[in-house]
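Atoms considered below: every heavy atom in the structure, side chains included; atoms not considered: hydrogens, waters and symmetry mates. As the structure lists them, so they are numbered: ligands from 1, and atoms in each ligand from 1.
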Amino acid sequence: MAATRVLVLNSGSSSVKYQLIDMREARGRRRLAVGLVERIGEQTSRLRHTPRDGGTRETTGVIADHDAALKAVAAELARDGLGLDSPDLAAIGHRVVHGGMSFTEPTVIDDTVLAEIERLIPVAPLHNPANLIGIRTARALRPDLPQVAVFDTAFHTTMPESAARYALDTETADAHRIRRYGFHGTSHAYVSRATAQLLGRAPEDVNLIVLHLGNGASASAVRAGRCVDTSMGLTPLEGLVMGTRSGDLDPAVIFHLMRVGGMSADEIDTLLNKKSGLIGLCGDNDMREILRRRGEGDERAKLAFDIYIHRLKKYIGAYYAVLGHVDAVAFTAGVGENAAEVRAAAVAGLEELGLAVDAGRNAVRGDEPRLISPEGSRVAVAVVPTDEEWEIATQTYALVGKDG
Ligand code: ADP
């Protein structure tokens with residue numbers, strides 16, 4: 001029997017997230033196993049492993065490096081009879097954050113691909129090194145198994161130059177590969193297809209605005225299944241207000257902080273990526289907490305929410321103009337899927353654009369894609385839960401499954 005399982009690995013600098021998925025199941029809904037290794041390299045590393053039938057197992061202690069982490073994951077999977085040596089394992093799919101302009105599609109990993117991902121480190125210093133360690137470790141464990149890199153940037157490589165280029169001196173931009181790459185592409189790709197399906201249309205027949213609102217957040221304009229603009233840029237810092245990132249700001253703020261505030265480039269990097277956005281505005285980055293505080297009349301939480309919504313609304317308007325015609329606006333990720341107040345506020349007042357939310361529909365919670373616009377709306381508004389792991393597994397399996 002052909003191998004039908006795909007292990008999806010998402011390796012961060014001090015963590016590894018994983019899911020083992022059986023591709024025969026509809027949308028791999030019931031994962032064979034999911035887990036997370038955290039605080040790799042610290043005294044208090046932790047592995048949480050949940051097999052299909054529940055019964056989460058937690059191990060704490062020192063997990064020194066990614067090699068030890070993956071070996072620990074392999075041991076947990078083996079306890080469930082799902083070891084990495086199983087003939088049922090078809091491939092490993094790796095999330096890779098930055099594929100630059102080199103990778104427009106998921107790619108089977110070989111030494112040349114690894115070298116290219118390494119070459120992209122200057123544009124993704126935080127993410128690509130960790131992704132590479134994960135890939136190298138997995139290859140060492142199963143050198144014979146096909147491994148596929150699925151890039152966060154790939155979906156956005158269809159952006160026209162008019163959207164992808166900054167209005168910078170061309171030679172300088174080219175010398176340093178400065179352009180807008182966009183991120184969260186795996187999610188935008190999955191949600192675009194799922195939204196078309198919800199509308200009962202082919203992806204090629206619809207224009208969509210996808211709002212991925214998690215701790216990181218990004219918007220994209222998708223015309224006929226292809227991304228034509230997205231809010232993140234050279235790095236994931238640009239665009240919407242996020243949990244801890246500022247999103248758009250006048251670049252002169254940076255010179256001002258250097259010249260007048262006496263801050264270094266690294267300090268400003270930390271300020272804009274880790275201490276700004278919602279947490280910088282009100283001390284909380286979790287939207288649940290902000291909504292609770294706002295409900296109690298907390299002024300800082302209210303202002304943070306208002307700034308978040310104002311930016312979101314500006315992107316909806318901008319992408320409406322970019323697309324000319326919009327069939328649906330889809331909300332996804334932690335905030336987009338759960339925060340009805342955010343969805344309602346983001347489209348409030350946009351009735352002239354054909355956009356509205358039905359309060360009853362918006363209040364319904366659930367895991368399934370659903371419409372929240374009133375019956376007969378000109379533009380559909382939808383909640384479409386994302387599933388990046390399933391998308392990575394699907395793209396991986398499509399590349400290697402045929403030979404399994
Ligand atoms: P990440 O970007 O880390 O993958 P997620 O997509 O999981 O993030 O989103 C996490 C965020 O979703 C949390 O920080 C929180 O702000 C928000 N969130 C989760 N559940 C809810 C909820 N019920 N209501 C409002 N916001 C929520």
Please report which non-hydrogen protein atom sits nearest to [atom], along with the residue it belongs to and the distance in Å to one decimal place.
{"atom": "atom 23 (N) of ligand 1", "value": "Asn338 CB, 3.3 Å"}
{"atom": "atom 16 (O) of ligand 1", "value": "Met287 N, 2.7 Å"}
{"atom": "atom 1 (P) of ligand 1", "value": "Asn215 N, 3.8 Å"}
{"atom": "atom 18 (N) of ligand 1", "value": "Gly334 O, 3.6 Å"}
{"atom": "atom 17 (C) of ligand 1", "value": "Val335 CG2, 3.6 Å"}
{"atom": "atom 15 (C) of ligand 1", "value": "Asp286 OD1, 3.3 Å"}
{"atom": "atom 25 (C) of ligand 1", "value": "Arg288 CG, 3.6 Å"}

*asked:* Are Asp80 and Arg57 packed together at the side-chain level, in the sense that at least one heavy-atom pair is separated by less than 4.5 angstrom?
replied: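 In contact.
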*Does the side chain to side chain contact (heavy atoms under 4.5 Å, CB included) test come out yes or no for Asp298 and Arg292, once each step is laid out?*
CA-CA 9 Å; Asp298 181 321; Arg292 189 190 62 74; over 6 Å; no
*Taking heavy atoms and a distance under 4.0 Å, where does Glu337 meet ligand 1: side chain, backbone, both or neither?*
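The answer is neither; Glu337 stays 4.0 Å or more away.
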*Flag the pair His98 / Phe183 as yes when their ring centroid distance falls below 6.0 Å, and as no otherwise.*
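Between His98 and Phe183, the centre distance is under 6.0 Å.
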*Would you call Gly243 a ligand 1 contact, heavy-atom distance under 4.0 Å?*
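No; Gly243 lies far enough from ligand 1 that no heavy-atom distance drops under 4.0 Å.
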*Compute the minimum heavy-atom distance from Arg365 to ligand 1 and say whether it is under 4.0 Å.*
yes
*Charged N to carboxylate O below 4.0 Å: is that the case for Glu299 and Lys302?*
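No.
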*Without swapping roles, check the side chain of Arg179 against the backbone of Ala173 for a donor-acceptor pair under 3.5 Å.*
no
_Parallel, tilted or perpendicular: rings of His212 and His184 (30°, 60°)_ = parallel
_Quick check on side-chain contact (heavy atoms from CB on, under 4.5 Å): which of Ile92, Val6, Val108 does Val400 satisfy it with?_
Val108
*Looking at atom 20 (N) of ligand 1, would you say a protein heavy atom lies below 4.0 Å from it?*
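Yes.
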